[in-house]
*Asks:* 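One structure is given below, represented as C-alpha cells, and several questions about it will come after.
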Amino acid sequence: MEKTLIDNDAALRTPLVEVDGRWLEEAQALAERAGRLGNVPVGAVVVLDDRVIGRAGNLRETLQDPTAHAELLALREAARVSQSWRLEGATVYVTLEPCVMCAGALIQARVARIVYGAREPKTGAHQSVHRLFEGTGICVDEHPGAARASAQALGEFFQERRGLRDRSG
C-alpha cells in the first residue's frame, strides 16, 4: 500500500514519496553548497506542518567543529524557530544516513520521522552499522531516488579530495 499524506480535504492526497523528494532536493542543494565550501556534502532540512523550520549544510571543516553536522545545525535552527527543543511531529530530511552523534540528537529532539538519501557504510546509525532508532518510535525511511543523488555527490567529493591529495603528495 502506498503511503499518503492526507490534507484536510480527504479527496486531496499526495503520495508521500513525492513530498519526501521535494524536501530531499532542498537538502541536496544544501549539501552541494557545503561541498563547494570544502565540507563533506551533507544537507538537512527540518519540516513541521509542511513548513521548513530548520535547514543546514555540513560545516565541520568550515567551522573546525566536530559537531557541525548538517542534522545538528538544522536541529538547532528548528529549536530556535519553534522556541522548543521538543520537535515532536517534525520530519528531518537528510542526504546521508545519520551517524551515532546525530542519531542521539534526533532521538533527544523527539522528531517523528527521518528520511535520508545515501547509506553511511562506516558510521550509519540506522541500518548500515548500528540500529539506534529501533524501539524509539521514530519512523526512519531511506529514499531510493535521493540515495543515488546523495551517493553520487559524496563519491565525487571524495574522489576529488583523493585526487588533490595524490597530486600534492
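Being a predicted model, the structure only gives us computed values, none of them experimental. Hydrogens, waters and symmetry mates are skipped; everything else that's a heavy atom, side chains included, is used.
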*Asks:* Which pair of heavy atoms, one from A31 and one from G43, lies closest together, and at what distance?
*Replies:*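 Smallest heavy-atom distance, with atoms named: CB-N, 3.4 Å.
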*Asks:* Just how far is it from atom CG of L132 to atom CG of L106, taken to the nearest 0.5 Å?
*Replies:*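 Rounded to the nearest 0.5 Å, the CG-CG separation comes to 10.5 Å.
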*Asks:* Can you name the closest pair of heavy atoms from S82 and L87 and give their distance?
*Replies:*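 Taking every non-hydrogen atom into account, OG-CD2, 3.5 Å.
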*Asks:* Tell me every residue that passes side-chain contact (heavy atoms from CB on, under 4.5 Å) with I138, counting only those two or more places apart in sequence or in another chain.
*Replies:*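 Expected list: I107, V111, I114, F133, T136, V140.
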*Asks:* Which residue in the set D50, V46, V94 passes side-chain contact (heavy atoms from CB on, under 4.5 Å) when paired with W23?
*Replies:*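 So, applying the side-chain contact (heavy atoms from CB on, under 4.5 Å) to W23 and each of D50, V46, V94, only D50 qualifies.
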*Asks:* Which heavy atom of T95 sits nearest to which heavy atom of P41, and what is that distance?
*Replies:*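 Smallest heavy-atom distance, with atoms named: OG1-O, 4.0 Å.
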*Asks:* Checking one residue: L63. Which other hydrophobic residues are in its cluster under the side-chain 4.5 Å linking rule?
*Replies:*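 Result for L63 is L37, L59, L73.
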*Asks:* How far does CE of M101 sit from CG of L72, to the nearest 0.5 angstrom?
*Replies:*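 Rounded to the nearest 0.5 Å, the CE-CG separation comes to 5.0 Å.
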*Asks:* Assess the residue pair R22 and V47 against the criterion (side chain to side chain contact (heavy atoms under 4.5 Å, CB included)); give the C-alpha distance rounded to whole Å, side-chain angles, the decisive distance to 0.1 Å, and a yes or no.
*Replies:* CA-CA 11 Å; R22 180 182 72 184; V47 176; over 6 Å; no
*Asks:* Mind jotting down which residue pairs meet the salt bridge (charged side-chain N to carboxylate O under 4.0 Å, His left out) criterion with at least one end in residues 54-80? Sequence neighbours excluded, please.
*Replies:*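 Passing the test, one end in residues 54-80: E26-R55.
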*Asks:* On a heavy-atom basis, which atom in I53 and which in L48 lie closest, and how many Å separate them?
*Replies:*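 For I53 and L48, the tightest heavy-atom pair comes out as CD1-CB, 3.9 Å.
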*Asks:* Grab the two heavy atoms, one from A74 and one from A56, that are nearest each other, plus how far apart they are.
*Replies:*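 Looking at all heavy atoms of both residues, the closest pair is N-CB, 3.7 Å.
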*Asks:* With a cutoff of under 4.5 Å between side-chain heavy atoms, which Ile, Leu, Val, Met, Phe, Trp and Tyr residues group with W85?
*Replies:*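 Under the 4.5 Å side-chain rule, W85 groups with nothing.
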*Asks:* So, N58 side chain and V40 main chain: donor-acceptor pair closer than 3.5 Å or not?
*Replies:*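 Yes, N58 side chain to V40 backbone: donor-acceptor pair under 3.5 Å.
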*Asks:* Evaluate the side chain to side chain contact (heavy atoms under 4.5 Å, CB included) criterion for residues V42 and H69: first the C-alpha distance (whole Å), next the side-chain angles of each, then the deciding distance (0.1 Å), finally the verdict.
*Replies:* CA-CA 8 Å; V42 179; H69 288 205; over 6 Å; no
*Asks:* Side chain to side chain donor-acceptor pair (under 3.5 Å) with S84: which residues, sequence neighbours excluded?
*Replies:*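 Partners of S84 by the side chain to side chain donor-acceptor pair (under 3.5 Å) criterion come out as none, since no residue qualifies.
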*Asks:* Looking at every heavy atom in both G57 and A70, which two are closest together, and how far apart are they?
*Replies:*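 Taking every non-hydrogen atom into account, C-CB, 3.8 Å.
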*Asks:* Going by side chain to side chain donor-acceptor pair (under 3.5 Å), name the residues that satisfy it together with S128, two or more places apart in sequence or in a different chain.
*Replies:*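 With sequence neighbours excluded, S128 shows a side chain to side chain donor-acceptor pair (under 3.5 Å) to E97, given in chain and number order.
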*Asks:* Starting from the C-alpha separation in whole Å, work towards a yes-or-no answer on side chain to side chain contact (heavy atoms under 4.5 Å, CB included) for H126 and E142.
*Replies:* CA-CA 10 Å; H126 173 244; E142 179 179 336; 6.0 Å; no
